[in-house]
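Take a look at the structure set out below.
The analysis underlying the following values was restricted to heavy atoms, covering all of them including side chains, and did not include hydrogens, waters or symmetry mates. Numbers for residues simply follow the sequence, beginning at 1.
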Amino acid sequence: MKIKETPLKDCYIIEPTIFEDERGYFFEKFNEKKFEELTGMNGHFVQDNISKSSYGVLRGLHLQKGEHAQAKLVSCLEGKVWDVAVDLREDSPTFGKWFGIELTAENKIQMYVPRGFGHGFSVLSETAVFSYKCDNFYNKESEGSVKFNDPDLMIDWKIDEKDMVLSEKDVNAPGIREKNF
């Protein structure tokens with residue numbers, strides 16, 4: 001597995017080494033020891049979540065706050081998504097910046113989104129199955145969000161806003177200046 005830095009502090013891309021032959025393929029999806037050696041970050045996960053969505057669904061930007069903050073290791077198991085991380089750590093040199101990458105079942109790339117980041121994705125294929133490994137347990141009272149189309153962020157979600165399928169929570173999320181994180 002190869003780990004690459006993104007332009008955001010502590011946010012990483014993980015590319016697996018894939019071994020293929022006539023039987024199919026094999027790859028190591030994650031190795032906690034290697035991850036910690038290469039990044040200095042904690043790679044211990046306690047909860048796995050899966051979502052399935054249709055084209056145009058945009059989920060985000062979400063995070064868990066305070067003692068229930070979560071780092072996430074995300075990947076696309078089926079289909080194609082545009083995955084976005086936003087640094088919401090006010091003391092970070094990359095605060096208010098975002099990074100996006102296409103995650104697909106074919107490329108098997110994962111993104112590590114550290115605690116204190118907002119996260120979201122838009123579905124670019126007919127359907128997509130998305131995986132989140134979390135390093136802390138979900139807590140409803142600790143939910144935070146930032147508006148997906150906040151003009152201070154100017155995120156390109158790779159789909160037209162008229163095609164977006166959004167939850168009421170995401171439509172009504174506050175902007176980054178309102179500091180709901």
Linked, directly or transitively: V123 and W98 (ILVMFWY side chains, under 4.5 Å): no
Separation between CZ of F35 and CE of M1, rounded to the nearest 0.5 Å: 7.5 Å
Donor-acceptor contact present, side-chain N107 to main-chain T104, <3.5 Å: yes
Heavy-atom side-chain contact between F99 and D87 under 4.5 Å: no
Minimum-distance pair of heavy atoms, taken over all atoms of L8 and A85: CD1-O, 3.4 Å
Carboxylate-amine/guanidinium proximity below 4.0 Å for K133 and D48: yes
4.5 Å side-chain heavy-atom contact, Y138 and E143: yes
Pair F137-Q47, side-chain contact (heavy atoms from CB on, under 4.5 Å): steps then yes or no: CA-CA 6 Å; F137 296 103; Q47 182 175 329; 3.6 Å; yes
Test log, rule side-chain contact (heavy atoms from CB on, under 4.5 Å), inputs V129 and I50: CA-CA 7 Å; V129 175; I50 304 284; 3.5 Å; yes
Main-chain N/O of K97 paired to T94 side chain as donor or acceptor, under 3.5 Å: no
F45 and Y112 aromatic ring geometry - parallel, tilted or perpendicular at 30°/60° bounds: perpendicular
Common cluster, F30/V74, ILVMFWY with side-chain heavy-atom separation under 4.5 Å: no
Distance in Å, K72 NZ paired with C11 SG, rounded so as to fall on 0.5 Å steps: 12.0 Å
Y25 six-ring centre to K108 NZ/CZ under 6.0 Å and within 45° of normal: yes
Cationic N near anionic O, under 4.0 Å, K158 to E102: no
Short N-O contact, D91 and R89, less than 4.0 angstrom: no
Salt-bridge criterion met for K34 and E28 (N-O under 4.0 Å): yes
Residue pair F19, F27: steps toward the ring pair (Phe, Tyr, Trp, His ring centres under 6.0 Å) verdict: CA-CA 6 Å; F19 302 94; F27 68 96; 9.6 Å; no
Enclosure of K9 NZ (heavy-atom neighbours >12, cutoff 6.0 Å): no
Full working for side-chain contact (heavy atoms from CB on, under 4.5 Å) between L124 and V81: CA-CA 5 Å; L124 305 178; V81 303; 5.7 Å; no
Side chain S75, main chain Q110, donor-acceptor under 3.5 Å: no
Cluster check I101, F121: I/L/V/M/F/W/Y, side chain < 4.5 angstrom: yes
Heavy-atom side-chain proximity of Y12 to L73 below 4.5 angstrom: no
Exercise: identify the closest heavy-atom pair between A128 and S125: CB-OG, 4.1 Å
Residue F26 excluded, over 12 heavy atoms near CZ under 6.0 Å: no
Side-chain touch N136/R115, heavy atoms, less than 4.5 angstrom: yes
Between CG on residue L61 and CG on residue L58, distance to nearest 0.5 Å: 7.5 Å
Value rounded to 0.5 Å, distance of NZ in K65 from CD in E141: 11.0 Å
Close side-chain approach of S53 and R59, heavy atoms under 4.5 Å: yes
Donor-acceptor contact present, side-chain E5 to main-chain D10, <3.5 Å: no
Sub-4.5 Å side-chain heavy-atom contact between F148 and I155: no
Approximate separation, where rounding is to 0.5 Å, of D150 CG and I176 CD1: 6.5 Å
Heavy-atom check, side chain of D156 versus side chain of M154, under 4.5 Å: no
Donor-acceptor pair, side chain of D160 and main chain of K162, under 3.5 angstrom: no
Crowding at NZ, K169 (>12 non-hydrogen neighbours, <6.0 Å): yes
Short side-chain donor-acceptor distance under 3.5 Å, N139 and Q64: no
Test side-chain contact (heavy atoms from CB on, under 4.5 Å) applied to I14 and I109, step by step: CA-CA 6 Å; I14 300 173; I109 292 172; over 6 Å; no
Any side-chain heavy-atom pair of L63 and H119 under 4.5 Å: no
Separation between NZ of K147 and CG of L166, rounded to the nearest 0.5 Å: 8.5 Å
Exam field: side chain E36 to backbone K33, donor-acceptor pair closer than 3.5 Å: no
Connected via hydrophobic side-chain network under 4.5 Å: F117 and V86: no
Which atom of D135 lies closest to which atom of H44, heavy atoms considered: CB-O, 3.1 Å
Heavy-atom neighbours of K52 NZ exceed 12 at 6.0 Å: no
W157-L103 co-clustered via ILVMFWY side chain contacts under 4.5 Å: no
Salt bridge (Lys or Arg N to Asp or Glu O under 4.0 Å) against D170, all qualifying residues, sequence neighbours excluded: none
Closest heavy-atom pair and its distance - S145, A173: OG-CB, 3.5 Å
